[in-house]
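Okay, so here's the structure we're looking at.
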Amino acid sequence: MDKERKVEEFASRLGDLLQEITELTSMCDNSVARRVRNHLYKNTLPLAKEFDVELQQPLRYCDGPGGPGDRVLSTNEVLDEFQADDRRRSVFIDPEESAAVNLVDLFSGRLTTIEFRDPNDILDVSKIVTSALKIMREEYPVVTINYSLAKNKEEILYLLRSLVTEIENGEGLTLRENCSRNKELLGTRWTNNGRTLERGYVIKETCQIGRDRCCGNPKWETREIGAGWDVVWQDGNASTPPPMTPDPFQREPWNNRRPFFDDPSSGTLTSDWGWRGLQNGSDFHGGIDIAVPSGTVVQSVNSGEIVRIRNDGHNSGIVIQDGNTTYTYWHIIPDASLNEGDTVSVGMQLGTVAQGGAEHLHYAEHEPPNGNPDARNDSNSRNPIP
């Protein structure tokens, strides 16, 4: 047989295949069969025309104008397909097989309640549960991740680590006769303006809840019996970083919570004390930042001795000490009349906010070892906001 004859026969066989797909429509999903049929027809048609092989044109197209005869399906035509799909059903003759596949739907979340019609009490429920779980192990992943619900990859990794911890501690799944209870981990949220990380959860229980009053058939049900948020991390310790980068701090009016400025309406709190999210990840901030224009007068909210004065443009400031506690006022130009060793009182003018971009007052309180101002660091800082 020469090459041309082989190609002609091949085109003819494609036509037979197209017809067979059309005949199989009654046994499969209509929309899938339609797409396969249309795709095969369009790609076979040039070859069929070349060798004068007649192909039966599909009755319906779904991809819009693309050539003679193409059209978009109407709503009623699609509805007809949809209803035809609903009228088809597979029947499991074996009662245990039928019960097992329905339990798969229950365990996978597609159903919330199952009632087994078992008037002769022939079902071995424990055996059926074992069969259903075997099917699920073969067809379903044990752990699934919904990437679209996660804020980022970091949250996914955190939730997986949390799941491992709960399983290792025996907190995740508890079983009792004809009943299973599962604590499903949900997403996380930051509260208290990035100071607290919480993890959501929902507790679901799947149980054989007895038998119906009519016929004594076993009845299963999955229900939600609890939900809430667990606090998994709280700010306040420089040595324990958050498991994931906090959400950006939400700025808020300062409202002179401590009277650094003459004008009570001055200032916006732009960064809190504690852990915060920066471009490179999490960073511990040992004080607070209050944005105000350069030149704004800053007055002391503490009394004590000036132990450090620094004049270095934007990185200028004053450190006041009272006992073993130090108070840092940074990014301010110190008043020229002040010197180290001077005593200051509450309300005394310390200087003005320095220029340098993103002008702000950085204020911090520390309890350094032996009160040594040079030993100030994040670990001995404390929250300065009352």
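Below, each value reflects all heavy atoms present in this structure, side chains not excepted, and no hydrogens, waters or symmetry copies. The structure presented is a predicted model; accordingly, all values stated were derived computationally and were not measured.
Contact annotation: the side chain of V298 never approaches that of Y363 to less than 4.5 Å [non-hydrogen atoms, C-beta and beyond]. Put simply, the side chain of F284 does not reach to within 4.5 Å of the side chain of N237, judged on heavy atoms. With contacts defined as side-chain heavy-atom distances shorter than 4.5 Å, the pair D374/R308 qualifies. Side-chain contact between F107 and Y140 is absent, with no heavy atoms from C-beta onward closer than 4.5 Å. You'll find the side chain of L361 reaches within 4.5 Å of the side chain of I332, heavy atoms only. By the 4.5 Å heavy-atom criterion applied to side chains, N102 and F92 are not counted as neighbours. With contacts defined as side-chain heavy-atom distances shorter than 4.5 Å, the pair K183/D230 qualifies. In this structure the side chain of L185 never reaches within 4.5 angstrom of the side chain of Y158, judged on heavy atoms.
Put simply, the side chain of N377 gets close to the backbone of S379: a donor and an acceptor are under 3.5 Å apart. A donor-acceptor contact shorter than 3.5 Å links the side chain of H331 to the backbone of H314. The backbone N or O of R195 sits nowhere less than 3.5 Å from a side-chain atom of N192 that would complete a donor-acceptor pair. Distance alone, capped at 3.5 Å, is enough to place a donor-acceptor pair between the Q299 side chain and the P259 backbone. No donor-acceptor pair under 3.5 Å is formed between the side chain of R189 and the backbone N or O of W229. Here the side chain of N315 pairs no donor or acceptor atom with the backbone of D312 at under 3.5 angstrom. Side chain of Q349 to backbone of V297: no donor-acceptor contact under 3.5 angstrom is found. With hydrogens and angles disregarded, no donor-acceptor distance shorter than 3.5 Å links the side chain of W273 to the backbone of E365. Side chain of H360 to backbone of A358: a donor-acceptor contact under 3.5 angstrom is found. Between the E154 side chain and the T245 main chain, a donor and an acceptor come within less than 3.5 Å of each other.
The salt bridge (charged side-chain N to carboxylate O under 4.0 Å, His left out) check on E96 picks up K127, with sequence neighbours excluded. For D322, the side-chain contact (heavy atoms from CB on, under 4.5 Å) test picks out Y327, with sequence neighbours left out. Applying the salt bridge (charged side-chain N to carboxylate O under 4.0 Å, His left out) rule to R110 yields the partners D105; only residues at least two apart in sequence or on another chain are considered. Contacts of D283 classified as side-chain contact (heavy atoms from CB on, under 4.5 Å), with partners at least two apart in sequence or in another chain: R276, L278. Partners of E224 by salt bridge (charged side-chain N to carboxylate O under 4.0 Å, His left out), not counting sequence neighbours: none found. With sequence neighbours excluded, the residues that form a salt bridge (charged side-chain N to carboxylate O under 4.0 Å, His left out) with D247 are K151.
In plain terms, the two heavy atoms of P334 and I309 that are nearest each other are CG-CG2, 3.9 Å. Nearest heavy-atom pair, A291 versus T270, reported as atom, atom and distance to 0.1 Å: CB-CG2, 3.6 Å. Contact detail for D342 and S337: the closest heavy-atom pair is OD2-O, 3.9 Å. Scanning both residues, M244 and S282, for their nearest heavy atoms gives O-OG, 4.2 Å. Taking both residues in full, the closest heavy atoms of F260 and V301 are given as CE2-CG2, 3.6 Å, listed atom of the first, atom of the second, then distance. Taking both residues in full, the closest heavy atoms of V104 and A132 are given as CG2-O, 3.6 Å, listed atom of the first, atom of the second, then distance.
Between the side chains of E367 and T325, at least one donor N or O lies within less than 3.5 Å of an accepting N or O. A donor-acceptor contact closer than 3.5 angstrom is absent between the side chains of S300 and N302.
Tracing side-chain contacts under 4.5 Å through hydrophobic residues (I, L, V, M, F, W, Y), one reaches F261 starting from L350; they form part of the same cluster. Clustering ILVMFWY residues whenever any of their side-chain heavy atoms sit less than 4.5 angstrom apart, transitively, puts I306 in a cluster other than the one holding W330. Cluster annotation: I290 is not connected to I333 through the hydrophobic network of ILVMFWY side chains, with a link wherever side-chain heavy atoms come within less than 4.5 Å. Hydrophobic clustering (side-chain heavy atoms under 4.5 Å, transitive across Ile, Leu, Val, Met, Phe, Trp, Tyr) groups I135 together with V129. Y201 and W190 are members of different hydrophobic clusters when ILVMFWY side chains are connected at heavy-atom separations under 4.5 Å.
Put simply, the residue from N193, D289, I385 that forms a side-chain contact (heavy atoms from CB on, under 4.5 Å) with D272 is I385.
Atom-to-atom distance recorded for H366:NE2 and S381:OG is 5.0 Å, nearest 0.5 angstrom. Between the CG atom in N370 and the CG atom in N324 there is a gap of 7.0 Å [rounded to 0.5 Å]. Here D335 contributes atom CG and I318 contributes atom CD1; the two are 7.5 Å apart, rounded to the nearest 0.5 Å.
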Residue pair T188, E155: steps toward the side-chain hydrogen bond (donor to acceptor under 3.5 Å, both in side chains) verdict: CA-CA 7 Å; T188 58; E155 181 175 25; 2.7 Å; yes
CA sep, side-chain torsions, deciding dist, call: V319, R376, side-chain contact (heavy atoms from CB on, under 4.5 Å): CA-CA 11 Å; V319 179; R376 293 170 296 139; 3.7 Å; yes
